[in-house]
Each structure stands twice: as C-alpha cells, then as structure tokens.
Amino acid sequence: MRQPDWHLPDPELQPEFYDDVPLKRLIAFVIDTVLIVLICVAILPFTAFTGLFFFPFLMMMVGFAYRVISLTNRSATPGMWLTAIEFRTGDGQRFDLGTAFLHTLGLNISFAIPALQVISVVLMATSGNGQGLSDRMLGTVALNRAARR
C-alpha cells in the first residue's frame with residue numbers, strides 16, 4: 001500500500017492550493033507553446049531556414065529542453081510562473097533535474113499517444129488535486145504558488 005503524501009496539502013482540507021489549477025495549467029500550456037514557437041522561429045535563420053522542413057521535430061526538441069530547464073530551475077515553466085502555479089514532488093520538494101526530465105518525458109509520451117493525453121486531461125479535470133497521468137505516475141502535483149512577500 002502507498003504511503004500518504006504528508007508534505008503536500010490535502011485537497012479536501014486545503015483546497016485553496018488546488019483552486020483553478022487545471023485551468024491555470026491550460027493557460028500556462030498555451031503561453032509556453034507560444035514562447036516555444038517564438039524560440040523556434042528565432043532559430044530558423046541559424047539553420048539557413050532548412051528548419052522549416054523539420055519544424056515539428058524542432059518544436060519537440062526545443063519544447064523538451066525548454067520544459068526540463070525551466071522545471072529544474074523554478075519547478076515551473078514561464079507560463080506556470082505567470083499563472084502562479086508550480087510543481088512539487090510527493091514530499092513537497094521542488095523538481096530536480098531527474099524529476100523534471102521524467103515529467104517532461106511523460107508529457108511528450110502523452111502527446112504522442114492521444115488516448116493517454118485524453119486520460120490525463122480527464123484526470124486533471126476530475127481529481128481533487130488536479131493531477132494528470134504523468135503526475136500520478138511520478139507522485140507530483142501542481143499547486144498554487146504561495147504569495148511572495
């Protein structure tokens with residue numbers, strides 16, 4: 001049997017940590033996608049515009065690096081930072097490189113297999129703590145970020 005996550009807020013006792021997190025994740029995803037597209041467009045001249053022929057692959061590679069680096073540094077992507085959410089591990093810690101890599105890998109696998117992405121979205125929309133499929137597998141959660149003073 002799985003041990004309870006004592007360091008994470010309980011969605012029933014402290015729902016403010018999870019309020020609107022699925023919607024904020026969607027908004028953050030859109031923001032991050034726009035930023036990734038802009039980065040890829042900026043890279044195109046350095047490929048002598050041959051990057052146009054493999055633009056989806058370029059987007060995937062840049063997006064992977066973008067997410068791993070930003071999740072490792074802040075436990076949130078720039079889009080998540082703007083929507084005031086961040087990821088935490090099962091013991092309440094910020095993401096390290098390994099967790100950021102695995103979480104991003106899970107996201108990319110979900111994109112590659114649409115049924116998994118549908119399952120992930122349904123889980124985020126219906127679970128009390130807004131966990132997607134890769135979140136459940138890794139024991140991670142997205143929370144509303146505490147206000148900075």
Side-chain angles (χ1 to χ4, degrees), residues 5 7-12 14-47 49 51-52 54-149:
D5 296 329
H7 299 288
L8 292 175
D10 185 300
E12 292 180 23
Q14 297 172 303
E16 63 274 9
F17 283 97
Y18 302 97
D19 287 344
D20 300 322
V21 167
L23 176 61
K24 289 179 176 184
R25 286 180 80 164
L26 177 62
I27 293 167
F29 176 78
V30 171
I31 292 168
D32 291 328
T33 301
V34 168
L35 290 173
I36 291 165
V37 168
L38 292 174
I39 293 167
C40 289
V41 167
I43 290 172
L44 283 178
F46 298 103
T47 68
F49 294 97
L52 288 171
F54 56 89
F55 198 74
F57 180 74
L58 180 64
M59 286 270 305
M60 183 182 72
M61 298 308 294
V62 168
F64 196 93
Y66 170 94
R67 291 179 197 290
V68 169
I69 291 167
S70 59
L71 288 175
T72 301
N73 289 330
R74 288 188 167 181
S75 208
T77 62
M80 292 173 71
W81 188 257
L82 290 172
T83 58
I85 57 176
E86 65 185 359
F87 280 118
R88 294 296 176 137
T89 62
D91 62 356
Q93 300 298 311
R94 292 176 175 263
F95 278 17
D96 59 10
L97 177 61
T99 307
F101 179 84
L102 290 174
H103 197 276
T104 303
L105 181 63
L107 176 72
N108 282 325
I109 291 170
S110 291
F111 286 157
I113 304 170
L116 294 179
Q117 187 62 26
V118 170
I119 292 168
S120 190
V121 169
V122 169
L123 287 172
M124 278 187 247
T126 59
S127 66
N129 55 7
Q131 285 180 305
L133 190 58
S134 56
D135 295 319
R136 286 188 183 243
M137 293 179 74
L138 294 171
T140 59
V141 69
L143 299 170
N144 285 312
R145 193 175 66 234
R148 307 278 188 235
R149 294 179 195 230

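Since this is a predicted model, take the numbers as computed values, not measurements.
- Atom CD1 of Ile36 and atom CD1 of Ile31 lie 12.0 Å apart (nearest 0.5 Å).
- More than 12 heavy atoms of other residues, nucleotides or ligands lie within 6.0 Å of CD in Glu16, so this atom counts as buried by the packing criterion.
- Within the 4.5 Å cutoff, the side chain of Leu44 has heavy atoms near those of the Thr47 side chain.
- In this structure, a donor-acceptor pair under 3.5 Å is present between the side chains of Asn129 and Gln131.
- Under 4.0 Å is where a charged nitrogen must lie from a carboxylate oxygen, and between Arg25 and Asp20 no such pair does.
- Minimum interatomic distance between Pro11 and Gly128 (heavy atoms only, all atoms of both residues): CB-O, 3.5 Å.
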Can you give me every donor-acceptor pair (side chain of residues 65-72, partner residue at least two apart or in another chain, under 3.5 Å) with its distance?
residue : atom : partner : partner atom : Å
Tyr66   : OH   : Asp32   : OD1          : 2.6
Ser70   : OG   : Tyr66   : O            : 2.8
Ser70   : OG   : Arg67   : O            : 3.4
Thr72   : OG1  : Val68   : O            : 2.7

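- Here the OG1 atom belonging to Thr140 is positioned 4.0 Å from the CG atom belonging to Asp135, to the nearest 0.5 angstrom.
- Aromatic ring pairs are classed by plane angle as parallel below 30°, tilted from 30° to 60° and perpendicular above 60°; the pair Phe95 and Phe87 is parallel.
- One distance of note links CG of Leu102 with CG of Leu107; it measures 12.5 Å at 0.5 Å rounding.
- With sequence neighbours excluded, the residues forming a side chain to side chain donor-acceptor pair (under 3.5 Å) with Asp96 are Thr99, listed by chain and number.
- Taking the charged nitrogens against the carboxylate oxygens, Glu86 and Arg74 have no contact shorter than 4.0 Å, which rules out a salt bridge.
- Sorted by first and then second residue, the ring pair (Phe, Tyr, Trp, His ring centres under 6.0 Å) pairs with a member in residues 104-141 read Phe29-Phe111; sequence neighbours excluded.
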Exercise answer: donor-acceptor pairs, residues 115-126 side-chain atoms, under 3.5 Å, sequence neighbours excluded:
residue : atom : partner : partner atom : Å
Ser120  : OG   : Leu133  : N            : 3.0
Thr126  : OG1  : Val122  : O            : 2.7

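- Residues forming a side-chain contact (heavy atoms from CB on, under 4.5 Å) with Phe57 (at least two apart in sequence, or on another chain): Phe54, Met60, Met61.
- Remark: Tyr18 engages no residue in a ring pair (Phe, Tyr, Trp, His ring centres under 6.0 Å) (not counting sequence neighbours).
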